[in-house]
Amino acid sequence: MMAQDTNRTTLRDLLRRGQIFVPCIWDSFTATAAELSGFPATLLSGGALSGSLGLPDIGLITADDLVTRTQFLCAHSALPCIIDADDGFGESPLCAYRLARRLAEAGAMGLTLDDTTGLRGYNRWGEDFRGGAQDGKMRHPVISREQWLAKIRAGLEATRGTDCLLIARTEAKLQYGLDEAIARCRQALDLGAEMTLIIGLKTLEEARVVAERVPGWKMWPDVMTTDGVPDVRLEDIAPLGFNLVTIHIFEKASMYGMLLFGKKTFADRTTVFCDTHDSGLSEEDKKKSIMVNGCLTGATDWLEMEKEFWRT
């Protein structure tokens with residue numbers, strides 16, 4: 001495997017210091033926005049990556065899509081990046097092993113490995129979940145414990161000795177209830193997983209139940225709001241061991257921003273609005289954002305390298 005960069009802050013380093021709040025990203029622009037916003041790490045979302053490729057999030061992206069994007073992001077941004085590795089992209093534990101190894105070599109500081117089937121993703125269950133469907137009443141099959149734990153064991157072996165932390169993610173709660181999800185998490189911990197993730201948690205009461213029965217580091221999946229009220233407050237779940245919390249914000253931020261600028265520019269038939277609008281940013285933030293325009297960052301470095309190569 002490739003040698004690890006000992007100068008970079010790892011995900012483990014951050015988690016040992018306390019709870020971290022992490023946005024989901026899909027490309028270099030969103031990674032740069034996360035860094036300039038002050039976030040300490042990022043998560044490459046399978047759903048967001050699918051959307052950026054014009055595909056629904058139902059398992060249509062490939063392992064190569066994921067690894068290639070991981071390589072670009074980890075080379076571009078210094079922030080530790082966690083990768084949504086879905087089900088390992090195959091039924092065999094060997095598929096999970098190969099993908100986890102490739103992601104670690106690409107620079108991933110963490111990855112989630114779940115118990116979904118080949119037909120996976122937010123687009124197949126999100127509406128039921130947000131619509132109030134209760135545990136045990138959602139159609140959301142997952143693979144057996146034995147199959148999932150075999151993949152977890154494979155992922156742990158593939159990332160052994162690297163900076164890549166494996167997060168054991170289960171979606172069993174949605175159809176089979178919280179008890180089943182907790183049982184799976186405990187077995188994953190017994191195998192050596194350093195963090196667990198239960199999809200479908202929504203309340204502080206559920207967080208307390210999980211904290212009582214599942215030791216160690218835990219991830220809270222995509223904290224959301226209902227009628228303008230957060231499902232949970234970060235400071236309430238931090239003492240319960242939830243030291244990694246993710247959010248999806250850049251999808252809406254980018255689309256709303258582009259629509260605002262696009263519709264106004266199309267109507268005005270000039271770039272005056274775009275050229276003069278500062279979105280309320282401070283002078284410091286505006287200077288930082290200028291580096292993003294055109295070639296993101298490092299354009300001068302690349303040009304200097306090009307000149308150096310042509311010198312005789």
Side-chain angles (χ1 to χ4, degrees), residues 1-2 4-5 8-15 20 22-26 31 34 40-50 57 59 61-75 77 79-90 92-116 120-122 143 147-171 184-185 188-189 191-199 216-222 243-246 248:
M1 300 187 75
M2 293 176 63
Q4 301 295 310
D5 184 350
R8 298 186 72 173
T9 299
T10 69
L11 180 63
R12 290 187 182 94
D13 292 334
L14 294 176
L15 293 170
I20 58 173
V22 174
C24 295
I25 62 167
W26 61 91
T42 57
L43 186 146
L44 173 56
S45 160
L49 175 57
S50 294
D57 183 25
I61 61 173
T62 68
D64 287 344
D65 292 331
L66 191 66
V67 172
T68 299
R69 192 61 60 92
T70 299
Q71 290 172 327
F72 283 131
L73 288 174
C74 292
S77 175
L79 296 184
C81 189
I82 307 160
I83 312 301
D84 175 5
D86 286 321
D87 68 336
F89 289 75
S92 168
L94 292 177
C95 295
Y97 176 91
R98 181 167 185 255
L99 178 59
R101 185 181 179 99
R102 293 176 71 192
L103 292 174
E105 290 177 338
M109 292 288 184
L111 64 89
T112 62
L113 191 57
D114 64 41
D115 52 9
T116 57
R120 58 185 182 268
Y122 181 82
I143 62 177
Q147 289 175 299
W148 180 58
L149 292 171
K151 291 184 178 183
I152 294 297
R153 187 180 291 109
L156 289 169
E157 181 61 30
T159 55
R160 187 184 307 279
T162 75
D163 288 331
C164 189
L165 180 150
L166 186 141
I167 303 169
R169 164 177 167 160
T170 176
E171 299 191 8
R184 291 185 178 219
C185 286
L189 290 171
L191 291 178
E194 296 176 74
M195 177 176 283
T196 55
L197 163 60
I198 296 176
I199 292 294
W217 288 344
K218 290 172 281 290
M219 176 177 166
W220 185 274
D222 303 338
N243 57 345
L244 173 58
V245 183
T246 55
H248 281 275

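Worth knowing before you read on, the calculation uses all heavy atoms, side chains too, and leaves out hydrogens, waters and symmetry mates.
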By side-chain contact (heavy atoms from CB on, under 4.5 Å), Leu15 pairs with (sequence neighbours left out) Leu11, Ile20, Leu165, Met195, Trp217, Asn243, Leu244
Residue set satisfying ring pair (Phe, Tyr, Trp, His ring centres under 6.0 Å) with Trp220, at least two apart, ordered chain then number -> Phe242
Quiz item: Within the side chain of Lys151, is there an N or O that forms a donor-acceptor pair under 3.5 Å with the backbone of Cys95?
Solution: no
Test salt bridge (Lys or Arg N to Asp or Glu O under 4.0 Å), reference Arg120, set Asp87, Asp114, Asp57, Asp84, output is Asp87
Pairing of Arg12 and Glu194 as salt bridge, 4.0 angstrom limit
yes
Residues passing the side-chain hydrogen bond (donor to acceptor under 3.5 Å, both in side chains) test with Gln71, sequence neighbours excluded, are none
_Could you check whether any side-chain N or O of Thr10 sits under 3.5 Å from a backbone N or O of Asp13, counting only pairs where one atom can act as donor and the other as acceptor?_
yes
Taken in chain and number order and not counting sequence neighbours, the residues that satisfy side-chain contact (heavy atoms from CB on, under 4.5 Å) with Cys74 are Thr70, Cys81
Residues passing the side-chain contact (heavy atoms from CB on, under 4.5 Å) test with Asp64, sequence neighbours excluded, are Thr62, Arg102
Less than 4.5 Å apart, side chain to side chain, heavy atoms only: is that true for Pro80 and Asp163?
no
Output yes when a side-chain donor or acceptor of Arg69 lies under 3.5 Å from a complementary backbone atom of Trp26, and no otherwise. yes
For Leu191, the side-chain contact (heavy atoms from CB on, under 4.5 Å) test, sequence neighbours excluded, returns Leu149, Ile152, Arg153, Leu156
* Give a yes or no answer on whether the side chain of Asp115 reaches the backbone of Glu171 with a donor-acceptor pair at less than 3.5 Å. => yes
